[in-house]
Amino acid sequence: MIDYNKSTKITVISGAGFSKASGIPTFRGKNGLWKNYDPSELATPSAFARDPIVVWQWYKWRLNIILNADPNPAHLTLAKVEQQGLDIAILTQNVDDLHERAGSQNVTHLHGEIRQARCVSCGEKFSWTLDLLNIINDIPKCNNCGSVCRPDVVWFGECLDSNILQGCIDRLFMTDILFVAGTSAVVYPVAEFPFLAQLQNPSIKIFEFNLDYTPISNIVTEIILGSVEKTLPKFFSI
Ligand code: BJW
Ligand code: ZN
């Protein structure tokens, strides 16, 4: 389908649709809501300040799904082509660890990682396990200072880690082929990445994998409509 070799730099921007076939709900769309809550109202510092119990209930519900989930054929395809020697970097908005569990080595989490909790006072982190999820019923407290812990993720209105962001921009600026897969491409700054990459390198090839059209669809080289867990393995003939 496209020409690439071991010196071709391939970058993948993944979003919630990438993990949907693993049973992890997306944020937007008809099955994207949790009960009657809108993620844009829960994934915020003000929601946590107002009602940390509800916010933790939502995160624990998702943690339980994520800790029990397995990588799907889309995750496994990226890991496999990397093992075959391709230079692939994954810039994921997803807070799950399914890319890593599939075997991908070069994964950057732009919006944090749900497996980790972080103390709001001293920054101490701990990792969730299924056992801990069963033991801790209320809001988790820091082992170091006793303060409240929060999910170690990036909420609306919070800045992404500047080193992580710079690393992503550097990678985008040296990219030959960009895949944008399973994201609605509406959440900034990641929504801007395809435009930045194309401004930097007008000959970049951008392939979008999605069920539907998005705000970046009119600038991409090709849109591959369909479920990414089917279309991506096919793209690489896996
Ligand atoms: C399939 C499929 C299948 C399904 N196969 N496809 C500039 C302009 C306007 C606003 C802003 C701006 N700059 C910043 C903002 C504010 C805000 C923002 O972007 N708001 C927009 C909504 C308008 N951004 C921020 O606040 C960011 N911070 C920031 O920029 O700081 C500086 C600043 C602050 C304030 C003002 C200005 C500057 C932080 C954003 C953090 C996002 N956090 C979340 C939660 C993370 C923790 C958690 O998981 O709980 O990240 S929100 C949520 O959305 C999550 C996701 O990573 C993110 C993106 O969602 P994603 O992955 O695209 O999922 P969906 O559900 O939207 O889409 C799924 C897609 O898959 C769909 O297209 C389906 O069709 C498709 N699909 N199944 C293929 N099988
Ligand atoms: Zn602490």
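Keep in mind that the numbers below use all heavy atoms, side chains included, and drop hydrogens, waters and symmetry copies. Counting starts at 1 for both ligands and their atoms, following the listed order.
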Salt bridge Glu158-Arg150, side-chain N to carboxylate O under 4.0 Å: yes

No-hydrogen, no-angle side-chain donor-acceptor test under 3.5 Å, His109 and Gln116: no

Among all protein non-hydrogen atoms, which one is nearest to atom 78 (N) of ligand 1, and what is the separation to 0.1 Å? Lys20 CD, 3.2 Å

Relative to atom 73 (O) of ligand 1, which among Ile13, Val180, Asn210 owns the nearest non-hydrogen atom? Asn210

Filtering Tyr188, Trp58, Tyr213, Phe209 for the heavy atom nearest atom 24 (N) of ligand 1 leaves Tyr188

Which ligand 1 atoms does Arg62 reach within 4.0 Å, using its non-hydrogen atoms? 48 (C), 49 (O), 50 (O)

Ligand 1 atoms nearer than 4.0 angstrom to some heavy atom of Val228 are 3 (C), 5 (N), 79 (C)

In the protein, what heavy atom is nearest to atom 77 (N) of ligand 1, and what distance, to one decimal place, separates them? Gly17 CA, 3.6 Å

Out of Ser22, Ala16, Ala191, Ser14, the nearest non-hydrogen contact to atom 64 (O) of ligand 1 is supplied by Ala16

Quick one: which ligand 1 atoms are inside 4.0 Å of a heavy atom on Tyr59? 47 (C), 48 (C), 50 (O)

Does a donor on one side chain and an acceptor on the other come within less than 3.5 Å for Ser19 and Asp96? yes

Return a yes/no value: protein heavy atom under 4.0 Å from atom 33 (C) of ligand 1? no

Val186 and ligand 1 - part of the residue with a heavy-atom distance under 4.0 Å: backbone

When only distance counts, is Pro189 in polar contact with ligand 1, meaning an N/O pair under 3.5 Å? no

Report the C-alpha distance between Asp87 and Lys6 in whole Å, list the side-chain angles of each, state the deciding distance to 0.1 Å, and finish with yes or no for salt bridge (charged side-chain N to carboxylate O under 4.0 Å, His left out). CA-CA 6 Å; Asp87 180 351; Lys6 289 186 177 173; over 6 Å; no

Report the part of Val95 in contact with ligand 1, treating N, CA, C, O as backbone and CB onward as side chain, heavy atoms under 4.0 Å; options are side chain, backbone, both, neither. side chain

Is it true that Asn5 and Ser7 share a donor-acceptor pair across their side chains at a distance under 3.5 Å? yes

No-hydrogen, no-angle side-chain donor-acceptor test under 3.5 Å, Thr11 and Arg171: yes

Heavy-atom nearest neighbour in the protein, as seen from atom 60 (O) of ligand 1, with distance rounded to 0.1 Å: Arg28 NH1, 3.1 Å

Residue-level breakdown please: for Val153 versus ligand 1, do any non-hydrogen atoms fall below 4.0 Å on the side chain, on the backbone, on both, or on neither? side chain

Tell me, which protein residue and heavy-atom name are nearest atom 17 (C) of ligand 1, and how many Å apart are they? Phe156 CD2, 3.8 Å

What protein heavy atom sits nearest atom 63 (O) of ligand 1, and how far away is it? Thr183 OG1, 2.7 Å

Nearest non-hydrogen protein atom, atom 51 (O) of ligand 1: His111 ND1, 3.1 Å

Can Asp176 and Lys9 be said to form a salt bridge (charged side-chain N to carboxylate O under 4.0 Å, His left out), step by step? CA-CA 5 Å; Asp176 303 299; Lys9 295 215 175 313; over 6 Å; no

Proximal atoms of ligand 1 relative to Gly226 (non-hydrogen, under 4.0 Å): 5 (N), 79 (C)

Determine whether the side chain, the backbone, both or neither of Glu158 has a heavy atom under 4.0 Å from any heavy atom of ligand 1. backbone

When you measure from the Zn ion (ligand 2) to the N, O or S atoms of Cys149, does any of those distances fall below 2.8 Å? no

How does Gln93 reach ligand 1, if at all, at less than 4.0 Å between non-hydrogen atoms: by side chain, backbone, both, or neither? both

May I ask you to list the atoms of ligand 1 that are less than 4.0 angstrom from any heavy atom of Trp155? 39 (C), 41 (C)

Is a donor from one side chain sitting under 3.5 angstrom from an acceptor on the other, for Asp212 and Thr214? no

Ligand 1 to Asn94 polar contact by distance, N or O atoms, under 3.5 Å: no

Nearest non-hydrogen contact to atom 41 (C) of ligand 1 from the set Thr44, Val154, Thr26 belongs to Val154

Do Cys142 and Val148 pass the side-chain contact (heavy atoms from CB on, under 4.5 Å) test, and can you show the C-alpha distance, the side-chain angles, and the key distance before you say yes or no? CA-CA 6 Å; Cys142 175; Val148 166; over 6 Å; no

Run through His75, His99, Gln93 and flag the one making a side chain to side chain donor-acceptor pair (under 3.5 Å) with Ser14. His99

Can a donor-acceptor pair be found, under 3.5 Å and without considering hydrogens, that links the side chain of Asp152 to the backbone of Arg118? no

Please list the nearest protein heavy atom to atom 35 (C) of ligand 1 with its residue and the distance rounded to 0.1 Å. Gly157 CA, 4.0 Å

Are any of the protein's heavy atoms under 4.0 angstrom from atom 38 (C) of ligand 1, yes or no? no

Below 4.0 angstrom from a heavy atom of Gly15, which ligand 1 atoms are there? Numbered from 1 as shown, please. 62 (O)

Provide, to 0.1 Å, the distance between atom 80 (N) of ligand 1 and the closest protein heavy atom, together with that atom's residue and name. Glu229 OE1, 3.1 Å

May I ask you to list the atoms of ligand 1 that are less than 4.0 angstrom from any heavy atom of Gly182? 6 (N), 69 (C), 70 (C), 71 (O)

